[in-house]
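Bear in mind the structure is a predicted one, so any value in this text is a computation, not a measurement. Every number for a ligand or one of its atoms is a count from 1 in the order of the listing.
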Amino acid sequence: MAGFFKSLYNKVINRAEVDWDDLEADLVSSDLGIRLTTAIIDELRALGREVSAEDVVETTRRHLAQRLPGDVPPPLPRPDGKPYVILVVGVNGTGKTTSSAKLGLWLKKRGFSVILAAADTFRAAAVEQLERWCERLGLSIVKGNPNADPSSVCFNAHQKAIANGTQFLICDTAGRIHTRHNLMEELGKIRRTLAKQDERAPHLTLLVVDATTGTNALNQAKEFHKASPLDGLIVTKLDGSGKGGIAVTIHDQLGIAPRFLGTGEEPEAFSMFQRNTFVEEIL
Ligand SMILES: Nc1nc2c(ncn2[C@@H]2O[C@H](COP(=O)(O)OP(=O)(O)O)[C@@H](O)[C@H]2O)c(=O)[nH]1
Ligand SMILES: [Mg+2]
C-alpha cells in the first residue's frame with residue numbers, strides 16, 4: 001500500500017521547528033476535519049516545549065486511533081444457514097461494482113460460496129461490468145433484463161442463494177436513478193424486498209466512499225445513512241490522492257465504521273480495515 005497517504009512525517013522531520021499553519025493545513029487537507037485538527041494542534045502546543053516530528057506523528061496517531069473503531073470480526077456465514085446478504089450502496093463512480101467483485105473474491109478465497117446480484121439495472125454497462133468481473137474471478141451472478149426492477153433482481157438472486165445454500169449474497173446497486181430522492185426510495189424498496197425472504201436481511205449495508213472526494217464523502221454518508229441505515233464503509237482509492245482521513249471523520253461524526261479498504265483497480269487490492277495498520281499507514 002505504498003503511497004497510501006501523504007507523509008506528514010517526512011514533511012515535519014526535515015524542519016527545525018513546526019510551522020503551525022502548515023501543519024494545520026496539512027491535517028485539514030488530509031480530510032481530518034477542523035475539530036480533530038484543532039484537538040491535535042492544541043495538544044501539541046500545550047506540550048510547552050519544542051515539538052519534534054515524533055511528537056506530531058505520535059499525537060496525531062493517538063487522536064486517529066481514539067476516533068477509529070477497534071477491529072470488527074469479518075462477516076461470517078449465518079448460523080441459520082440462510083445467505084448473509086450484503087447491500088453495497090453509494091454514489092456513481094465511487095467503486096461499488098469493483099468493490100462488490102473484490103469482496104466476492106475476498107469471501108471466495110476464504111472458502112465461502114458467493115453470489116452477486118447486478119442490481120444497477122439503470123445502466124446496461126454496469127451489468128456488463130459486473131458480469132466481466134464475475135467471469136474473470138469465477139463468481140456466480142444473477143442479473144435481470146435491461147431496465148429491470150433492481151428489487152426484483154435482488155429478490156431473484158436472494159431466492160437462488162437460499163435454494164442453493166449460498167453463504168453470501170452481494171447486491172451491487174445503482175448510484176443514480178434520475179434523482180437522489182428516487183435512489184433513496186429504490187434502496188428502501190430493495191431492503192424491503194430482501195426482508196421478504198429473510199426478515200434480518202440485508203445483514204450488512206456498506207457505503208462505498210471514494211477517499212479522494214474528501215468532505216463530499218462525509219455528506220454522502222450523512223445522506224445515505226438517513227435513508228438506509230449503514231453498517232460500515234468501503235473506503236476506495238486509497239492508492240490515489242485519497243489520504244484516508246475521511247474514514248476517521250465519518251466514524252467520528254456519524255459512528256459508521258470503515259470495514260474494507262480499496263487500494264487499486266486490481267481485484268486483490270482490497271483488505272479488511274484494521275485500526276493499527278490503518279493508523280500507521282495514514283502517516
Ligand atoms: N485506483 C483505484 N481505482 C478504483 C478503486 N476502486 C474502484 N476504482 C475505479 O473507479 C472507477 C469506478 O468504479 P466502479 O466500480 O465502476 O464504481 P461504481 O460506479 O460505484 O460502481 C473504475 O475505473 C474503477 O476501476 C480503488 O480502490 N483504487
Ligand atoms: Mg457500478
Side-chain angles (χ1 to χ4, degrees), residues 1-6 31 86-106 114 116-137 139 141-144 146-148 150-151 153-154 157 169-180 182-184 186-187 190 205-214 216-217 219-221 223-224 227-228 230 232-247 250 258-274 277-278 281-282:
M1 286 201 236
F4 203 8
F5 299 102
K6 186 161 82 178
D31 303 323
I86 303 174
L87 186 61
V88 179
V89 304
V91 307
N92 261 353
T94 51
K96 288 179 300 303
T97 302
T98 310
S99 301
S100 297
K102 286 175 171 181
L103 181 57
L105 177 66
W106 192 90
V114 187
L116 284 99
D120 182 357
T121 57
F122 193 62
R123 295 180 308 135
V127 177
E128 286 160 22
Q129 185 191 358
L130 190 66
E131 260 186 313
R132 278 199 307 277
W133 272 117
C134 288
E135 245 168 62
R136 181 173 158 194
L137 303 176
L139 296 165
I141 181 171
V142 169
K143 55 172 190 154
N147 290 317
S151 295
V153 176
C154 291
L169 166 64
I170 303 171
C171 302
D172 175 32
T173 63
R176 188 164 52 91
I177 302 176
H178 305 298
T179 66
R180 202 58 78 80
N182 287 354
L183 172 60
M184 298 306 169
E186 190 60 61
L187 289 176
I190 290 177
T205 302
L206 296 176
L207 176 74
V208 180
V209 290
D210 174 342
T212 66
T213 62
N216 275 340
N219 293 332
Q220 289 158 18
E223 198 181 348
F224 276 84
S228 158
L230 302 172
L233 303 175
I234 301 180
V235 186
T236 62
K237 309 192 193 181
L238 288 166
D239 53 310
S241 60
K243 299 173 191 84
I246 198 62
I250 293 176
R259 295 293 297 267
F260 292 96
L261 310 176
T263 49
E265 297 192 75
E266 288 308 304
E268 285 81 17
F270 189 76
S271 57
M272 250 184 86
F273 166 82
Q274 282 181 309
T277 320
F278 188 80
E281 279 173 2
I282 207 165

Contact flag T97/the Mg ion (ligand 2), N/O/S atoms, threshold under 2.8 Å: yes

Sub-4.0 Å atoms of ligand 1 with respect to non-hydrogen atoms of G262: 27 (O)

Atom 3 (N) of ligand 1 - nearest protein heavy atom and its distance: E265 CG, 3.4 Å

Closest protein heavy atom to atom 26 (C) of ligand 1, given as residue, atom name and distance to 0.1 Å: G264 O, 3.2 Å

K143 atom NZ, neighbour heavy-atom count above 12 within 6.0 Å: no

Atom 8 (N) of ligand 1: nearest protein contact (heavy atom, Å): K237 CE, 3.8 Å

Atom of C134, atom of I141 and distance for their closest heavy-atom approach: SG-CB, 3.9 Å

Side chain, backbone, both or neither: T263 near ligand 1, heavy atoms under 4.0 Å: backbone

Distance filter under 4.0 Å to K102 heavy atoms, resulting ligand 1 atoms: 27 (O)

From T98 atom OG1 to L103 atom CG, the distance as rounded to the nearest 0.5 Å: 12.5 Å

Top protein contact for atom 16 (O) of ligand 1, by heavy-atom distance: Q129 NE2, 2.8 Å

Closest approach of any protein heavy atom to atom 15 (O) of ligand 1, naming residue and atom: T98 OG1, 2.6 Å

K96: numbered ligand 1 atoms lying under 4.0 Å from its heavy atoms: 15 (O), 17 (O), 18 (P), 19 (O), 20 (O), 21 (O)

Nearest neighbour in protein (non-hydrogen) for atom 19 (O) of ligand 1: G93 N, 2.7 Å

Residue part near ligand 1, for E266, under 4.0 Å between non-hydrogen atoms: neither

Interatomic spacing from CD1 in I234 to OG in S100 - rounded to 0.5 Å: 6.5 Å

Separation between CD of E131 and CG of L116, rounded to the nearest 0.5 Å: 11.5 Å

Least distance between heavy atoms, V208 atom then S99 atom: CG1-OG, 4.2 Å

Nearest-contact summary for atom 17 (O) of ligand 1 - protein heavy atom, Å: G95 N, 3.0 Å

Proximity to ligand 1 by part of V91, non-hydrogen separation under 4.0 Å: backbone

Within reach of ligand 1, part of T97 (heavy-atom separation under 4.0 Å): both

Closest approach of any protein heavy atom to atom 1 (N) of ligand 1, naming residue and atom: D239 OD2, 2.7 Å

Distance, nearest 0.5 Å, that separates CG of D31 from CG of N216: 10.0 Å

Residue of the set V142, L87, V89, I86 for which side-chain contact (heavy atoms from CB on, under 4.5 Å) holds with C171: L87

Mutual orientation of the aromatic rings belonging to F270 and F260 [parallel < 30°, tilted 30-60°, perpendicular > 60°]: parallel

Heavy-atom side-chain contact between V88 and I170 under 4.5 Å: yes

